[in-house]
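What you see is a predicted model, and the numbers here were worked out from it, not measured in a lab.
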Amino acid sequence: MRNGLSKDLIARVLGGAPKYTLDELETKFPARNLPEGAMVTRFAPSPTGYMHLGNLYSFLIDYKLAQQSNGIFLLRIEDTDTKREIKEAVNVVIKALSDFGIKYNNDEQYGPYYQSQRKDIYHSVAAYLLEKGLAYPCFLTQEEMDDIREKQGLAGIATGIYGEFARDRDMSEEDIIKHLDNGETPTIRLYSMGDPNKRIYFKDFVRGSISLPENNEDIVLIKSTDRLPTYHFAHLCDDHFMRITHVVRGEEYFGTVALHIQMFRMMGWQLPNYIHTATLDKIDEETGKQRKMSKRKDPENNIAFFLQEGWPTESVVEYLGNILAPGYEEAKLKGQVRCFWDYELKPKKIPGSGSLFDMKKLEWWAKEYIATLPVSELVKNVVDWANEYGNEDNKKQVADVPYLTSVLSIERDNPKRIRKDFITWQQTLSEVSYFWDFLFNANKEYEYNKDVLREFLATYNANDDKDSWWNKIVAVAEKCGVKPGEVAMNLRVAMTGRTNTPDLYSVMQVLGGERVKERVNMIL
RNA sequence: GGUCCCAUCGUCUAGCGGUUAGGACAUCGGAUUCUCAUUCCGGUAACACGGGUUCGAUUCCCGUUGGGACUGCCA
């Protein structure tokens, strides 16, 4: 602790007098009146214009915890990095939440929810700290700090502004005034009294009891460039005054917990519960090693990728849900729960080690999910996808909804035996492309038995039921001296250009008599 | 370099001192009177290593190795 600054000096240092006292803030943002056990969580992304899988993983946990405890889930925009701000980026965040069916409840009383609009709050808390001698203005320039870091690096000691390197820690009011008169804007730094030789103990919901060395860095609380708070200070102020009970964040924040605990204790505020999640990884193609998913290298790390390719968002939720709530899949297979939102997530079970993202397993979830959909829902999803993300061909495919419906209805009547070859909305359309003449490619390579095709045409009647249709195939086979399967295969290739298709009779019914004849004649 | 986290089949995991180490995905076989898909049946496949503690370690402790995160006026 150092000498506290006078009120006038605080106002000069902060660029204005604080608007609130601590007591006023406590009254303005009172403890929430919620039932026992209700969790208040928040998703707090910085708006970069890009939402990655880690974000999704994180807000799924946040939302789930609030949902299952009858708590509250908030969205807070961490837009304090003015250098990196990107227009429209907030919309990307909001769209991501809504695409995945997540609703947030930003009740007005605890707002605003943009950190850039909460300056009064941060400055009021900073003023309190300045007054108590728990923080101080620091006039170190970027160059000076770079020098310090370099020297520390050379000496092999921890980098940062601490101890003897914290030049302005105990600067007198007179000197502070001199710097101010000189037109300099200070950063506000924490006056750290931590001793790295001592340890700080805490409980993480995922990792259990942990201890870390105390923090002795005089970290920046308020930046000089824009007078906005750093992450650490915003976390302190916002998670306290928004009355967040459970802070879910990536493991990259794990090392800063000692600092955060130090700050909460300094304020005499109740510490939130921490849940530090592990990374989502993949195997690096160049090195063959496991590594965190990367924005630059991995297109599938971008949530938008899954929307563009038409993955059912529900299946992505199921897949990630099973990772963050191990046991979910088993419960679902046993019929104990219908979907992820019915399954209780136990914070202690959230994995503490990185998971490899497994596209094959996602595909399985997607197939399973689509197979449970009524045809009308399938059609709706495919149509919506095509209109938003599809190419011109896709849009033409979905123009005739009744026809699309009959195409997608094939082999869907028996709930126990629904085909599972649809993975994404996009892939669904390409899977059935041969049903549209403008996409149909007659197969010229195949060595047709043209006698078979001629014989078939001679007796074909589009109105035949399945049995009569099959009986005719058998008859053609006998007449031509081949197996019925060969007749079917000749027809299949002629109809679709492919050797693998769903039930041939159904395909031909949907195609219709005219098209069937037309396509056979194209070969003959 | 410093600090911290993690470690069961290829992948995601169950296990909480005594189990034939279980499930799912993937993979490989077999069955299902038209291919494929589906469905059903079956198989291959794991406790990183070394020390302890214990009558007994996958499980508890220590070390090694391996992987990861952090080390910014970014979050």
For [N] versus [M], give the span between their [atom1] atoms, rounded off to a whole number of Å.
N	M	atom1	value
rU58(B)	rG43(B)	C1'	24 Å
rC40(B)	rA26(B)	P	13 Å
rC25(B)	rU19(B)	P	28 Å
rC16(B)	rG22(B)	P	14 Å
rG10(B)	rU27(B)	C1'	9 Å
rA14(B)	rC47(B)	C1'	13 Å
rC6(B)	rA46(B)	P	26 Å
rA69(B)	rA45(B)	C1'	31 Å

Give none if [N] has no partner; otherwise give the nucleotide forming a Watson-Crick or G-U wobble pair with it, both distances under 3.5 Å.
N	value
rG63(B)	rC49(B)
rC36(B)	none
rG1(B)	rU71(B)
rC9(B)	none

Aromatic ring proximity, centroids under 6.0 angstrom, [Y] and [X]:
X	Y	answer
H276(A)	F205(A)	no
F59(A)	Y104(A)	no
F264(A)	H235(A)	yes
Y328(A)	Y343(A)	yes

For this session: Evaluate the side-chain proximity of N443(A) to R498(A): yes if any heavy-atom separation is below 4.5 Å, no if none is.
Result: no

Exercise. Does the side chain of Y50(A) come within less than 4.5 Å of H52(A)'s, by heavy atoms?
Worked result: yes

Seminar exercise, completed: Residues passing the side-chain hydrogen bond (donor to acceptor under 3.5 Å, both in side chains) test with D147(A), sequence neighbours excluded, are none

Problem set entry | Results of side chain to side chain contact (heavy atoms under 4.5 Å, CB included) for K282(A) - residues two or more places apart only | R291(A), M293(A), D298(A), E300(A)

Pick base, sugar-phosphate or nothing for [X], based on heavy-atom distances below 4.0 Å to the nucleic acid.
X	answer
R199(A)	sugar-phosphate
K349(A)	sugar-phosphate
D204(A)	nothing
P351(A)	sugar-phosphate

Exercise. When only distance counts, do a donor and an acceptor, one from the side chain of R207(A) and one from the base of rC6(B), lie under 3.5 Å apart?
Worked result: no

For this session: Would you kindly check whether a donor in the side chain of R492(A) faces an acceptor in the base of rC36(B), or vice versa, at under 3.5 angstrom?
Result: no

Interatomic distance where [atom1] belongs to [X] and [atom2] belongs to [N] [whole Å]:
X	N	atom1	atom2	answer
L280(A)	rC12(B)	CG	C1'	11 Å
I423(A)	rU38(B)	CD1	C1'	14 Å
E329(A)	rA26(B)	CD	C1'	12 Å
L356(A)	rU8(B)	CG	P	12 Å
K334(A)	rG22(B)	NZ	P	14 Å
I210(A)	rU3(B)	CD1	C1'	13 Å
K332(A)	rC25(B)	NZ	P	13 Å
I410(A)	rU35(B)	CD1	P	17 Å

Protein-nucleotides 39-47 of chain B N/O pairs under 3.5 Å:
residue	atom	partner	partner atom	Å
rU39(B)	OP1	K420(A)	NZ	2.7

For this session: State whether a side-chain donor-acceptor pair under 3.5 Å links E314(A) with Y369(A).
Result: yes

For this session: Please determine, by modelled atom types, if Q115(A) and D79(A) share a side-chain donor-acceptor pair under 3.5 angstrom.
Result: no

Problem set entry | Residue mapping more 5' on RNA chain B - nearest nucleotide basis, L504(A) or S209(A) | S209(A)

Seminar exercise, completed: Closest to the 5' end of RNA chain B, once Y319(A) and G352(A) are matched to their nearest nucleotides, is G352(A)

Exercise. Got a sec? Which of residues 357-364 of chain A come in under 4.0 Å of RNA chain B, heavy atoms?
Worked result: D358(A), K360(A), K361(A), W364(A)

Seminar exercise, completed: Taking every heavy atom of F340(A) against every heavy atom of G321(A), the minimum-distance pair comes out as CE1-CA, 3.5 Å

Seminar exercise, completed: Quick note, P213(A) side chain, CB onward, closest among rC4(B), rU35(B), rU11(B) is rC4(B)

For this session: Scan nucleotides 61-75 of chain B nucleotide by nucleotide, 5' to 3', and note B when protein non-hydrogen atoms come under 4.0 Å of the base, S if they reach only the sugar-phosphate, - if neither.
Result: ------SSSSSBBBB

For this session: Give the ring-plane orientation class for Y319(A) versus F357(A), where under 30° counts as parallel, over 60° as perpendicular and anything between as tilted.
Result: perpendicular

For this session: Not counting sequence neighbours, list each pair that qualifies as a salt bridge (charged side-chain N to carboxylate O under 4.0 Å, His left out) and has a residue in residues 412-423 of chain A.
Result: E368(A)-K420(A), E411(A)-R419(A), R419(A)-D421(A)

Exercise. Does the distance from a Lys or Arg side-chain N to an Asp or Glu carboxylate O, for R42(A) and D238(A), drop under 4.0 Å?
Worked result: no

